[in-house]
**Q** 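Sharing a structure, written as C-alpha cells. Questions coming.
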Amino acid sequence: MVDLRSNFIGIASPNPFWLASAPPTDKAYNVERAFEAGWGGVVWKTLGEAGPPVVNVNGPRYGAWHGDNRRLMGLNNIELITDRSLDINLEEITQVKQNWPDRALIVSIMVPCEEEAWQKILPLVAQTGADGIELNFGCPHGMSERGMGAAVGQVPEYVGMVAKWCKENYDKPVIVKLTPNITDIRQPARSAQQGGADAVSLINTINSIIAVDLDAMAPSPHTDGKGSHGGYCGPAVKPIALNMVAEIARDEQTAQLPISAIGGIQTWRDAAEFIALGAGNVQVCTAAMTYGFKIVEEMIDGLSRWMDEKGYDSIEDFRGMAVPNVVNWERLNLNFITKAVIDQDKCIKCGRCHIVCEDTSHQAISLEVNGERKFEVNDDECVGCNLCVNVCPVEDCITLEQMTKGTDPRTGKTIDPKYANWTTHPNNPGSCG
Amino acid sequence: MAEISTTGVAAGRLSAREYVDNFSDLHPPLAKNKARTEADRCYFCHDAPCMDACPTSIDIPLFIRQIAADTPDGAAETIFTSNILGGMCARVCPTETLCEEVCVHVAQGNLPVKIGELQRYATDHAMTSGAVTFARAADTDKHVAIVGAGPAGLACAHRLSQAGHKVTIFEANEKPGGLNEYGLAAYKTTNDFAQSEVAFVLSIGGIDIEYGKALGADLPLDDLAKNHDAVFLSLGLAATNGLGIAGDDLDGVKDAVEYIAELRQADDLATLPVGQNVVVIGGGMTAIDIAVQIKRLGARNVTMVYRRGPEQMGASDFEQELALINGVTISHWAMPTAIIGDNGQVAAIDFERTQLEGGKLKGTGEAFTLAANQVFSAIGQVLDASSLADSGLALEGRRITVNEDRKTSLGNVWAGGDCVVGGQNLTVSSVDDGNVAAAAINAFLTGKGE
C-alpha cells in the first residue's frame with residue numbers, strides 16, 4: 001500500500017502537495033478551503049514588516065499566455081506580497097494551524113535586508129505555531145525595486161547572510177525560495193546552504209512581459225496605458241524549473257540540500273518528475289489558480305496509482321532516481337547511433353517531417369517515392385536529431401531507433417558497442433585519448 | 001401503398017459478413033491518443049453542469065482530467081464509485097439529453113466533449129486491467145432480498161455488499177442483467193458486455209443470485225419481507241401494452257420487447273424472421289431499437305409510425321437520426337386503426353392521421369394503409385401487478401409508489417428502477433435508484449435512519 005505521507009525537513013504533511021506562497025494562500029478563508037480539498041500543506045502568502053501594508057494596483061494583476069483551446073500555458077502577475085496587515089495575518093495563521101494540526105503551514109516572509117527587520121518579525125511568526133518559514137528572495141516585480149525579493153536573491157552572498165540571521169533568530173526549519181532570474185542557480189543555493197538554510201524552494205517566477213497590445217502600444221495587460229514586467233509561471237516554465245532543480249540536486253556541494261520544487265506542476269506526473277530529480281515535495285500555484293483546489297484529487301490519486309504500479313511504497317523510494325542520469329553534454333555516449341523510423345501505417349502524409357528536415361536540418365526525409373507522396377527516412381543523411389519526431393502531429397508515428405550493429409551509412413563507420421564520449425574523442429583538442 | 005412483397009417474412013436475408021458488420025459496435029472504442037485529445041478539451045468546470053445532469057452524479061470533470069493525466073484506471077474508479085454500471089451507461093446513456101447536452105462547449109457553439117465515449121475508454125481500460133476493485137466491509141449479519149437482477153437491483157446489491165450486508169437477488173430469467181441483457185440494441189453492447197459487467201459487479205462477493213424465481217405464489221412479497229431484514233424491488237416492467245385493435249392477433253404482429261430479447265439471445269442472427277415490409281408502432285427508444293435492428297437484419301422497408309410529432313417522441317434526437325441514417329422512415333401524426341390479414345398472416349395496417357385539438361389527440365378522419373409483413377408494437381411497458389396482488393403495496397397508476405428514499409408503503413420494502421412511479425426507463429436512473437435505496441436501507445439496517 002502506497003504511503004504518500006511526506007516528511008520534508010522534519011515538517012510532516014499527509015501528502016507532498018503544498019500550495020505555494022501566492023494569492024491562493026493569502027487568507028484563512030482560502031487556506032482552509034485548500035485543506036478541506038486535501039492539500040497537504042501551504043506556504044502562507046508572504047508577510048512584510050509591521051506598519052502600513054503594501055498596496056496593489058487596481059487594474060489587471062495577471063496576464064496569460066494561451067495555448068490551443070485557450071488552455072492557460074503561462075501566467076504573469078504583478079501582485080505584491082500580502083496587502084493585509086501583519087497582525088491579521090499572524091492571528092489567522094495561528095488559528096488555522098490550530099484547526100489543522102496535521103497539515104504543513106509555512107510562513108513566507110519578505111522584509112528589508114537588515115538583521116533588525118528579521119529580528120523583529122521572526123518571534124512574531126514563531127508565536128503562531130507555524131511549522132517553518134520560507135524566505136521570499138524571488139519576487140521579480142514591485143518588491144525588488146525596493147531592495148527586497150529578487151534583489152536579494154540575485155546576490156548570492158545576501159541569500160546566505162539572511163538565511164544565517166533567520167537560523168539565529170528562529171528555531172524551526174528555514175526554507176530559502178530562489179529566484180530563477182539569475183545565470184547560475186547553484187550560486188544562491190550554495191550560499192543558502194552555507195547560511196544554514198534547511199532547504200531551498202524553486203523556482204519563483206520569471207521576469208516577463210506577456211504580450212504587447214499593438215493598439216495601445218503598451219505591454220498587455222496594462223493599467224492606464226502602462227504595463228510593468230511581472231513574474232511568469234505555469235506549465236510553460238516547468239522545463240526551466242526542472243533544470244534548475246536538477247542543477248542543485250546534482251551539484252556536489254548542494255546534493256544533500258533538500259528541495260521543495262515549484263514550477264508549472266499541473267498533474268501527478270509533473271510532481272513525480274520533480275521528485276525523480278531530487279525534490280522532497282512540490283508546491284503548486286498556477287494549476288490551482290486555473291482550475292480551483294479540487295485538482296489535488298487527481299494529483300493524489302495519480303501519484304499513488306503510479307507508485308503502486310511501480311512498487312514504490314513511499315516518496316523516498318524514487319526520490320532523486322533520475323539525478324545520476326542528468327549529465328553534462330560531454331558525458332553523452334557518442335557511439336550511440338539512432339535513426340528516425342516512420343511508421344507508414346500511422347503516417348497521415350502531412351509532410352511536416354519532410355519540410356523541417358529539408359529546410360532546417362539534414363535533408364533526410366523523402367517527399368516522394370516512385371512518384372507517390374511518401375515520407376521515408378534516408379539513413380545516409382539522418383543524424384537522429386529528433387526534430388521530425390517532435391513536429392509530427394501523430395503520436396508514436398516517428399520514432400528514433402538505435403542501430404546496434406553494422407555500419408552507420410551516414411559516417412561509414414562501424415557501430416561500436418562501447419561507450420565513448422567527447423572527453424576521449426579524437427576531435428577534442430583537450431582529449432587525452 | 002408501398003410495394004406488395006412476394007417473399008413476406010424470411011430468415012437469413014443477409015450474408016454472414018453483413019450480420020457481423022451490421023451488429024458490430026455502434027461507436028468503436030476511442031484509441032488512447034483520441035481519448036487524450038478529447039479529454040484535453042474539457043474545461044474542468046467547477047460545479048459542472050454535466051455532473052448535475054448525470055442521474056448518478058459521476059464526477060465527470062475529475063475523471064476526464066484523470067484520463068488527460070494518463071491514469072485511465074483512476075478515472076474508472078471515479079466513475080465506478082458513483083455508478084458501478086458506468087461501463088454500460090457509457091454505451092447506452094442518451095448522453096445528448098444528459099451530460100453532453102449541458103456541456104459548456106455547446107454554449108460556445110462547439111461540439112460537446114464526448115463524455116460517453118471517454119467514460120467508455122476509462123471503464124473498458126479498468127475492466128481489462130482489473131485495477132479497480134471494491135471491498136466488502138465487515139459482515140453485518142443483515143440479509144437483504146432483491147427482486148430483479150437488472151441495473152437497479154445490481155447497483156443496490158453492490159452498495160449493500162460494500163456496507164457488509166449479505167444480499168440474495170431473485171431473478172426470473174436465466175441470466176442476470178435485466179434489460180442490459182435482454183433489451184437494448186445489440187450494436188450498443190457487443191461481445192457479451194452485459195455479462196462481463198455483471199461478473200465485475202458480483203466480484204465484490206456477498207451477493208447470491210437465484211435464477212428462475214419471480215415474485216408471485218411461490219415467492220410472495222410477504223414472505224420475503226418476513227425472512228429478510230429488508231427487501232428491494234427492482235422488478236422492471238415485465239408486461240407490455242397491446243395495440244388493442246382489430247387484427248392484433250394475426251401472425252407477424254409482434255411485441256418489440258419480446259423480439260429484441262430473442263435477438264439479444266440468438267446464437268445466430270440468421271435464424272430470426274424478418275419481414276420485407278415492416279411497420280413499427282411507437283416513438284420511444286424501444287421503437288427505434290427495433291426499427292433499426294430489423295432494418296439491419298435485412299428488412300427492405302421499415303416505417304416507424306408515431307401518433308404525435310417529433311418533439312413528443314420519447315426517443316432522443318440522436319436516436320431519431322440514427323433511425324433515419326439507417327434508412328428507417330419515420331411517420332408522425334398517425335395512429336393504427338386495424339391490421340389487415342391474409343390467410344391469418346399480417347398483410348397491411350390501416351392508419352388514421354391525427355392532430356392535437358385543444359391539447360387532446362384526435363383522429364382527423366384521413367386514412368392510409370401501409371403494406372406490412374411484420375408489425376411491431378413498441379408502445380410502452382407496464383408493471384406486471386399480478387405478482388403484487390394482496391401484498392398491500394401501494395401503487396400509483398401502474399407503478400409502485402415510493403418516497404425520495406425509494407421507500408414503498410411497506411415497512412422494510414424499498415423499490416426502484418422502471419417499476420416505480422417516476423421511473424425514467426434509463427439504465428443510469430435505475431442505477432441511481434439502486435444507489436439511493438441502498439443508502440436508505442443501510443441507514444435502516446444500521447439504525448442510523450428512520
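We name chains A, B, ... by the order of the sequence lines, and we start the count at 1 in each one. What you are looking at is a predicted structure, and each value in this text was computed from that prediction instead of being measured.
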**Q** When rounded to the nearest 0.5 angstrom, what distance separates CZ in A:Arg269 from CG in B:Asp70?
**A** 5.5 Å
**Q** Does A:Trp65 have more than 12 heavy atoms from other residues, nucleotides or ligands lying within 6.0 Å of its CH2?
**A** no
**Q** For A:Lys349, does the NZ atom have more than 12 heavy-atom neighbours from other residues, nucleotides or ligands under 6.0 Å away?
**A** yes
**Q** With chain B, which of A:Arg305, A:Arg71, A:Lys294, A:Glu309 has the greatest number of heavy-atom pairs at distances under 4.5 Å?
**A** A:Arg305
**Q** State whether the side chain of B:Glu96 and the backbone N or O of B:Asp317 hold a donor-acceptor pair below 3.5 Å, judged by distance alone.
**A** no
**Q** Scan side-chain atoms only and decide if B:Thr56 and B:Asp432 contain a donor-acceptor pair under the 3.5 Å cut-off.
**A** no
**Q** Go through the atoms of B:Asp59 and report whether side chain, backbone, both or neither lie under 4.5 Å from a heavy atom of chain A.
**A** side chain
**Q** What part of A:Asn69 gets closer than 4.5 Å to chain B, counting heavy atoms only: side chain, backbone, both or neither?
**A** both
**Q** Tell me, for A:Arg70 versus chain B, whether the close heavy atoms (under 4.5 Å) come from the side chain, the backbone, both or neither.
**A** neither
**Q** Does any backbone or side-chain atom of B:Phe63 lie under 4.5 Å from a heavy atom of chain A? Answer side chain, backbone, both or neither.
**A** neither
**Q** So what's closer than 4.5 Å to chain B heavy atoms on A:Glu395: side chain, backbone, both or neither?
**A** side chain
